[in-house]
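Single-structure report; data block below.
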Amino acid sequence: MSLPVANDDAATCAVLARGLVDPKFARSLLLGALPRSAAHRRAASQIDAERLALFAGFITKVRYNSDLFEHLPGTLRLLRYYGVELTAFRDYYLAGASRSKSTHEKVAAALLYFERFATSVAGRKVTGFADVVAHERVHWELSRALADWRSEPAANLAPPRKCPLRVIETRRDPHAVLDAVVRRQRPPRAARRPTLRLYWVDPVEREIRCVAIDARVNMVLEAIDGHRDLPAIAAAVRPARIAPRTAFDVVASLAAAGIVTIGGNRP
Amino acid sequence: VSRRKALVSTQPQVGLAYAGYVPGLIRRRPGLIDYVEIPFERLCHDSSTAEVLELAPAILHCASLSIAGVLPVGSDITCKVRDWARRTCTPWIGEHLAFVRAPGEEGNVEIGYTVAPPLNGTTLARVIGACQHHQLELGTRIILENPPQYFDTPGSTMDQMAFLAAICRDSSIDLLLDVSHLLITTCNTGVDPIRALERLPLGRVREVHLSGIAVEQGVAWDDHGTPASDEAFELLRFVLERARPAAVTLEYNWAGSFGEDVVVRDIERARRMTGTVAA
């Protein structure tokens, strides 16, 4: 098959294609640098480099859509609500980070990028973005951890953890941030101090649960290492002025939620 | 495969672009749609997609022939498209007026997405030649889909409507009119969409696509993750009042934030417009 091709058209297609697959080249176009070949230089000088970069971001978004929507729906929803979805994906493309293939690689790379984006000028305009990204990272990590989770044997009197769990700090309740977006209402105000949130996988329902906790609960949680028994846990948190009775109550609450198992040494 | 029906009807049929939820929807609501439009690339990537052929007639959609590109497509791709055209019993292959590969300094560049070409006389001759060549090679009619235009392509001497009209004037190639793409193109080029439609030979529209649109940075973008707008449905109505396309496809096939109720609502809306009743 031999069909007509104008040299200038071939150059235009070549420059557009390279701008869409080669982030370094796209960055050079944005800076006004032109290719060496005369035909390519002519084509490049007529291309809207900003729009081409945004188109590359759009293609990146489409490629990542199904993988990210399953694992980071709130993150994507926030980016869209604040009108910076393509900007974020454009920057992601230009940073050269969009070459991941598997779902795991795509989500892992996107999370790292979104965590950086949260600290950027554009990212800081997205209210609650950092908290929602952190929330969805925990969900993603717990879902993956659940597949390999083996409950620790309760061979001694130490209360073992029964499920994978994580604790993060947020300034806003991620659920409230996303609810506000759905309802098109004002997002919740940032708390003066960060709130600790405990996430765990309900071992019976196999669902991820979340609850705000205070620092004392977190300290007790950290002391539950699968080796300490209850008196040792109480001793470990005593320097933080947590009374043994309080420590025991926390462990009992965690046990009631299915997070730990209390061995024979009940309070 | 023996249970598969060819898509034959004198009335406009209403279908859905393939997505993971579609087989379940067909099982739960038999007769809701008349066919499934399946991307060739999805069939190559995930052979389990072909299981939907047991549930509904199919139209094959393609983004790999690089019809408007300056490089010929490899024979391996042509063979695969031909094979899937035969297996799906597709009445035609919808292909984009676009290119997906281009020459590069170190070999050819695969973009992995359709890009609107320079619109000029040379491209016109090349597109018509490529379509005619592929129709012979594939043994199936090709219809051309208008791409969304996000920026002016250097080397263009005509706009998209003039280019599509010229294709119809100079060849027997019919159109796959994506009304959402048309809205995007007209929005991004500052043209009235009805005026644009009036410049197209609507009698040559064999299939219509509908999907959502997102606007960011002052630019309209394709969005198969949101439902078609009222404006897109009004353009469909405009087309149906003047022409009789054989198929109307809702492209609701990106992971999105709408549920089955919205899909069903819009299928029924399209069906009311086409004047057909569920099979």
Side-chain angles (χ1 to χ4, degrees), chain A residues 1-22 25 35-37 40 42-52 54-70 73 76-77 79-80 82-90 182, chain B residues 19-20 66 68-73 78 99-105 108-130 132-134 136-137 148 150-156 188 214-217 219 221-226 253-257:
Chain A
M1 179 176 62
S2 178
L3 295 168
V5 176
N7 281 341
D8 282 352
D9 288 352
T12 297
C13 292
V15 172
L16 287 173
R18 194 172 169 199
L20 295 170
V21 301
D22 180 350
F25 182 70
R36 271 175 291 178
S37 125
H40 285 205
R42 210 164 31 248
S45 67
Q46 297 174 65
I47 287 172
D48 181 340
E50 293 279 351
R51 196 65 70 84
L52 184 66
L54 216 48
F55 184 37
F58 169 77
I59 294 172
T60 305
K61 183 197 93 162
V62 174
R63 283 204 189 116
Y64 274 61
N65 179 261
S66 62
D67 297 297
L68 296 194
F69 202 89
E70 184 182 347
L76 297 187
R77 187 186 285 274
L79 289 173
R80 168 167 292 217
Y82 283 91
V84 292
E85 188 180 28
L86 288 189
T87 310
F89 278 102
R90 176 201 62 193
V182 169
Chain B
S66 205
V70 296
L71 297 172
V73 66
T78 311
F99 64 97
V100 294
R101 66 187 64 84
E105 287 177 351
N108 297 338
V109 175
E110 292 286 341
I111 305 165
Y113 205 84
T114 51
V115 183
L119 299 175
N120 55 42
T122 312
T123 305
L124 179 68
R126 196 169 62 247
V127 166
I128 291 173
Q132 290 168 341
H133 170 81
H134 287 308
L136 283 175
E137 285 272 303
Y150 300 120
F151 48 83
D152 293 332
T153 308
S156 294
N188 292 341
V215 177
E216 187 174 326
Q217 302 265 338
V219 184
W221 300 92
D222 203 10
D223 188 359
H224 297 195
T226 55
N253 58 343
W254 295 353
S257 52

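Residue numbers begin at 1 in each chain, while the letters A, B, ... track the order of the sequences. The shown structure was predicted, so the numbers you read here are calculated from the model rather than taken from an experiment.
- Atom-to-atom distance recorded for B:W254:CH2 and A:N65:CG is 7.0 Å, nearest 0.5 angstrom.
- Looking at B:D222, both its backbone and its side chain come within 4.5 Å of chain A, counting heavy atoms on both sides.
- Contacts between A:L20 and chain B at a heavy-atom distance below 4.5 Å involve the side chain alone, from C-beta outward.
- Heavy atoms closer than 4.5 Å to chain B are found in both the backbone and the side chain of A:E85.
- When each of A:K61, A:E50, A:R51 is scored by its heavy-atom pairs under 4.5 Å with chain B, the top score falls to A:R51.
- With a 4.5 Å cut-off on non-hydrogen atoms, A:R80 touches chain B through its side chain but not through its backbone.
- For the set A:S37, A:A56, A:A17, A:P35, the count of heavy-atom pairs under 4.5 angstrom toward chain B peaks at A:A17.
- For the residue pair B:G155 and A:Q46, the shortest heavy atom distance occurs at N-OE1, 4.5 Å.
- Residue contact with chain A, scored on non-hydrogen atoms closer than 4.5 Å, involves the side chain of B:P118 exclusively.
- Summarising the local packing, CG of A:D67 is surrounded by more than 12 heavy atoms from other residues, nucleotides or ligands at distances under 6.0 Å.
- The CZ atom of A:F89 lies 10.0 Å from the CD atom of B:E216; values are rounded to the nearest 0.5 Å.
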> When you look at B:T122 and A:D9, which way does the side chain to side chain contact (heavy atoms under 4.5 Å, CB included) test go after all the steps?
Replying inline: CA-CA 9 Å; B:T122 312; A:D9 288 352; 4.1 Å; yes
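- Contact of A:V62 with chain B is made through the side chain alone, with heavy-atom distances under 4.5 Å.
- For A:L54, the parts sitting under 4.5 Å from any heavy atom of chain B are the backbone and the side chain alike.
- With a 4.5 Å cut-off on non-hydrogen atoms, B:A19 does not touch chain A at all.
- Here the shortest heavy-atom pairing between B:P103 and A:A10 reads CG-O, 4.2 Å.
- Using a 4.5 Å cut-off between heavy atoms, B:E137 does not touch chain A at all.
- Note on A:L68, A:I59, A:V15, A:I47: by heavy-atom pairs under 4.5 Å with chain B, the leading option is A:I59.
- Counting heavy atoms from C-beta on, the side chains of B:Q217 and A:T87 come closer than 4.5 Å.
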>> Using the rule given for side chain to side chain contact (heavy atoms under 4.5 Å, CB included), can you reason through A:L52 versus B:Y150, listing the C-alpha separation, both sets of side-chain angles and the distance that settles it, and then say yes or no?
In response: CA-CA 8 Å; A:L52 184 66; B:Y150 300 120; over 6 Å; no
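- Minimum heavy-atom separation, A:F55 to B:T114: CZ-O, 3.8 Å.
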>> side chain to side chain contact (heavy atoms under 4.5 Å, CB included), that's the test. Do B:F99 and A:L16 meet it? Break it down for me.
In response: CA-CA 10 Å; B:F99 64 97; A:L16 287 173; 4.1 Å; yes
> Could you go step by step and tell me if B:I111 and A:R18 meet the side chain to side chain contact (heavy atoms under 4.5 Å, CB included) rule?
Replying inline: CA-CA 8 Å; B:I111 305 165; A:R18 194 172 169 199; over 6 Å; no
